[in-house]
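Here the structure comes first, spelled out in structure tokens, and everything after it is commentary.
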Amino acid sequence: MASSTLICDTEPWKELKAHVDDIKKTHLRNLMSDSNRCNSMMVEFDGLFLDYTRQQARQDTMEKLLRLAQAVHLKEKILKMFSGEHINSTENRSVLHVALRAPRDKVICSDGRNVVPEVWKVLDKINEFSEKIRSGSWVGETGKALTDVIAVGIGGSFLGPLFVHTALQTDPEAMACSKGRQLRFLANVDPVDVAKSITGLNPETTLVVVVSKTFTTAETMLNARTLREWISTALGPQAVAKHMVAVSTNLTLVEKFGIDPNNAFAFWDWVGGRYSVCSAVGILPLSLQYGFPLVEKFLKGASSIDQHFYSQSFEKNIPVLLGLLSVWNVSFLGYPARAILPYAQALEKLAPHIQQLSMESNGKGVSIDGIPLPFETGEIDFGEPGTNGQHSFYQLIHQGRVIPCDFIGVVKTQQPVYLKGELVSNHDELMSNFFAQPDALAYGKTPEELRSENVAEHLIPHKTFTGNRPSLSLLLPSLNAYNIGQLLAIYEHRIAVQGFIWGINSFDQWGVELGKSLATQVRKQLHASRKKGEPVKGFNHSTTTLITKYLKATSDTPSELPTLLPKI
């Protein structure tokens, strides 16, 4: 397949298109009765168990999908990623988030240079610095230990670290490591988010981590300046050097801001924001909260999946299989969405992270060569922990649109609860739903079954479940730092596989730029209108009307802004 050839023009793609009608004739009830098929659709690796028997696919479907992978040279693309080739062609960059969790002795090169020693230099620095903070040998301006951390960042500098932090918060080992400490995140430029992030905190015991590669991200830097003012007002401007550190590559701006460049932690152009959890972006704040030894287990879990993804045959390769099935569901069966349904409250921030990881990566309309695509790519990702989701949007999933579901279960709960006299434990109750829901979606309930239960005839259409709704189940042995790392890497690589198959660039994000540039024009207009009374101009009628109404309603905002910090 030539690089400029679209995947939809290949024979394997056409074979799969022709295969769709055949598959749609067969209900999952029938597919699930084939034990040989079911056994072939289960994979185990390093304590993880994947069951994709409830996908609308047969063995011959999987064979056709594997031929599609061959047609796009999927193995070659994976090897290119791991070897540091500039597969992010629009930005002329390597894509090496796998290097962030590689063992010390691993050799992974970008532009002819092994980057693993650089990675470990930063990790060792994080280990040393976080231990100083946690042990109290580094203190704040007034001599008090820094027990509270606010990590300031947005997008990939926020969603991934927040997901990992939320997942670790209730893990017994992580709880023991974080006793007496707080980690908060500040992302939104909305002043309410600033207020919430500092409420109840004392500047004397607070360390701020500013995460911005260029140190120019508008929202992040405004929030950073706000917290700098909060610290300076309470402790004096000289306190900034003791109470603020940076994750950035722009040491000039870091120093100009008032942060000691020695307290800046590097990351690299070959790390995309949404893939940066395992860089200083995530590892610094997480290590400050939990200690580097525990966070290193998270890195090892991700590395385990990296090696599996790199070396395992596609037939038993979890990220590859998941990626192929997603392509099958989106591009062939025509399902535009995917529900991420972790039956673990600790994973409540998984879906928001995957939303960015998936939709920013694969929400593209042109091929990597710039050719408009005649097929859809990417999914609309959403989700909620079970059983909360069951009482929210499962109605639509069962009787409305068909939405493929990822059910994620955990064998051993982080927090066991048993009540004397109850039929099952609280975790068993949760897992009863985890095991039942995929079958309810797959099998449904027929009018005949309802009549046998003496359901009133006029209610039968309302109580009928068509079934034949695809899902997959991923069972984790527990939810510790290692398993959380595994889960992260599975989704990262699954999404890359989808992009490799579709022939798009999953590692750029030009779609986020236009809105930001238009916001710059609005910012200038608001400033000119407030300071000089200039009328709103240069916008369409709708935007002009909205801005004018906003300015009129907020006319009490001073033209020369004084310093005003939140009062919660």
Side-chain angles (χ1 to χ4, degrees), residues 91 93 100 115 117-134 137-141 146 148-158 160-161 183-189 193-194 197-198 203 206-289 292 516 563:
E91 296 179 304
R93 292 174 180 170
L100 300 171
V115 301
E118 297 175 38
V119 168
W120 275 97
K121 184 178 178 182
V122 174
L123 291 177
D124 288 337
K125 183 178 177 180
I126 290 172
N127 186 9
E128 181 184 354
F129 177 76
S130 60
E131 187 51 38
K132 283 181 183 177
I133 297 290
R134 290 169 56 81
S137 64
W138 175 304
V139 294
E141 180 66 18
L146 301 176
D148 309 312
V149 174
I150 304 175
V152 184
I154 198 164
S157 300
F158 156 64
L183 172 60
R184 299 184 183 182
F185 292 88
L186 171 56
N188 201 333
V189 76
D193 206 17
V194 177
S197 73
I198 63 175
T206 301
L207 178 72
V208 175
V209 180
V210 183
V211 183
S212 174
K213 184 183 286 188
T214 61
F215 234 60
T216 58
T217 308
E219 302 97 324
T220 297
M221 296 318 300
L222 179 54
N223 280 335
R225 291 191 294 273
T226 304
L227 292 190
R228 181 179 63 184
E229 189 65 32
W230 177 65
I231 291 167
S232 299
T233 300
L235 306 174
Q238 77 287 346
V240 170
K242 289 184 178 179
H243 288 263
M244 298 187 82
V245 298
V247 178
S248 179
T249 55
N250 193 334
L251 297 184
T252 303
L253 288 185
V254 166
E255 186 170 22
K256 189 176 178 182
F257 185 89
I259 295 173
D260 185 343
N262 292 321
N263 299 327
F265 297 80
F267 62 120
W268 305 271
D269 281 344
W270 42 260
V271 183
R274 56 193 175 275
Y275 294 93
S276 67
V277 188
C278 296
S279 73
V281 167
I283 301 305
L284 177 58
L286 292 169
S287 296
L288 288 165
Q289 178 70 3
F292 183 77
K516 290 197 291 189
T563 294

- Task: Take Leu288 and Phe129 through the side-chain contact (heavy atoms from CB on, under 4.5 Å) test and state the conclusion after the steps.
- Result: CA-CA 8 Å; Leu288 288 165; Phe129 177 76; 4.1 Å; yes
- Task: List the atom of Pro285, the atom of Ala280, and the distance in Å for their closest heavy-atom pair.
- Result: CD-O, 3.6 Å
- Qualifying residues under ring-ring contact (aromatic ring centres under 6.0 Å, His included), relative to Trp230, sequence neighbours excluded: none
- Shortest non-hydrogen contact from Thr216 toward Ser212: N-OG, 3.5 Å
- Message: Could you measure the distance from the CZ atom of Phe185 to the CD1 atom of Ile154? Nearest 0.5 Å is fine.
- Response: 13.5 Å
- Message: Any non-hydrogen side-chain atom of Ile283 less than 4.5 Å from a side-chain atom of Phe292?
- Response: yes
- Message: Using a 3.5 Å distance criterion without hydrogens, assess whether the side chain of Arg184 forms a donor-acceptor pair with backbone atoms of Ala151.
- Response: no
- Message: For Asp193 versus Ala187, what's the shortest heavy-atom pair and its separation?
- Response: OD2-N, 3.2 Å
- Query: Mind checking whether Val122 and Phe267 have side chains closer than 4.5 Å, heavy atoms only?
  - Reply: no
- Task: Answer yes or no: is there a donor N or O on one side and an acceptor on the other, between the side chain of Arg228 and the main chain of Phe257, under 3.5 Å?
- Result: yes
- Find out whether Trp268 and Val119 are in side-chain contact, i.e. whether some heavy atom of one side chain is under 4.5 Å from a heavy atom of the other. yes
- Taking every non-hydrogen atom, the tightest pair across Glu141 and Leu235: CG-O, 4.1 Å
- Message: For Leu284, is there any backbone N or O sitting under 3.5 Å from a side-chain donor or acceptor partner on Ser287?
- Response: no
- Message: With a 3.5 Å distance limit and no angle check, can you tell me whether Ser276 reaches the backbone of Gly273 through a side-chain donor-acceptor pair?
- Response: yes
- Answer yes or no: is there a donor N or O on one side and an acceptor on the other, between the side chain of His243 and the main chain of Thr206, under 3.5 Å? yes
- Test side-chain contact (heavy atoms from CB on, under 4.5 Å) applied to Leu186 and Val194, step by step: CA-CA 6 Å; Leu186 171 56; Val194 177; 4.0 Å; yes
- Heavy-atom side-chain contact between Ile198 and Ile150 under 4.5 Å: yes
- Nearest heavy-atom pair of Leu286 and Pro161: which atoms, and what distance? CD2-O, 4.1 Å
- Task: May I have the step-by-step check of side-chain contact (heavy atoms from CB on, under 4.5 Å) for Arg225 and Leu222, ending in yes or no?
- Result: CA-CA 5 Å; Arg225 291 191 294 273; Leu222 179 54; 3.8 Å; yes
- Flag the pair Met244 / Val210 as yes when at least one side-chain heavy-atom distance between them is below 4.5 Å, and no otherwise. yes
- Message: Under a 3.5 Å distance rule, please check whether Thr249 uses its side chain to pair with a backbone N or O of Ala266 as donor and acceptor.
- Response: no
- Task: Name all pairs fulfilling the salt bridge (charged side-chain N to carboxylate O under 4.0 Å, His left out) condition that reach into residues 121-130, sequence neighbours left out, sorted by first residue then second.
- Result: Arg104-Asp124, Glu128-Lys132
- Message: Around atom CD of Glu91, are there more than 12 heavy atoms from other residues, nucleotides or ligands closer than 6.0 Å?
- Response: yes
- Message: Can you confirm whether Asn127 sits close enough to Trp120 that some side-chain heavy atom of one is under 4.5 Å from a side-chain heavy atom of the other?
- Response: no
- Would you indicate whether the side-chain heavy atoms of Lys213 and Val281 approach each other to under 4.5 Å? no
- Task: Look up atom CG in Leu253 and atom CZ in Phe215, then write down how far apart they are to the nearest 0.5 Å.
- Result: 7.5 Å
- Can any side-chain N or O of Trp138 pair as donor or acceptor with the backbone N or O of Lys242 at less than 3.5 Å? yes
- Task: Nearest 0.5 Å please: distance from the OG atom of Ser197 over to the CG atom of Asp148.
- Result: 11.5 Å
- Query: Do Trp270 and Leu100 touch side chain to side chain, with heavy atoms closer than 4.5 Å?
  - Reply: yes
- Message: For the backbone of Gly153 and the side chain of Asn223, can you confirm whether one donor and one acceptor N or O come within less than 3.5 Å of each other?
- Response: no
- Task: Return the minimal non-hydrogen interatomic distance between Ile231 and Pro203, and the atom names on each side.
- Result: CA-CB, 4.5 Å
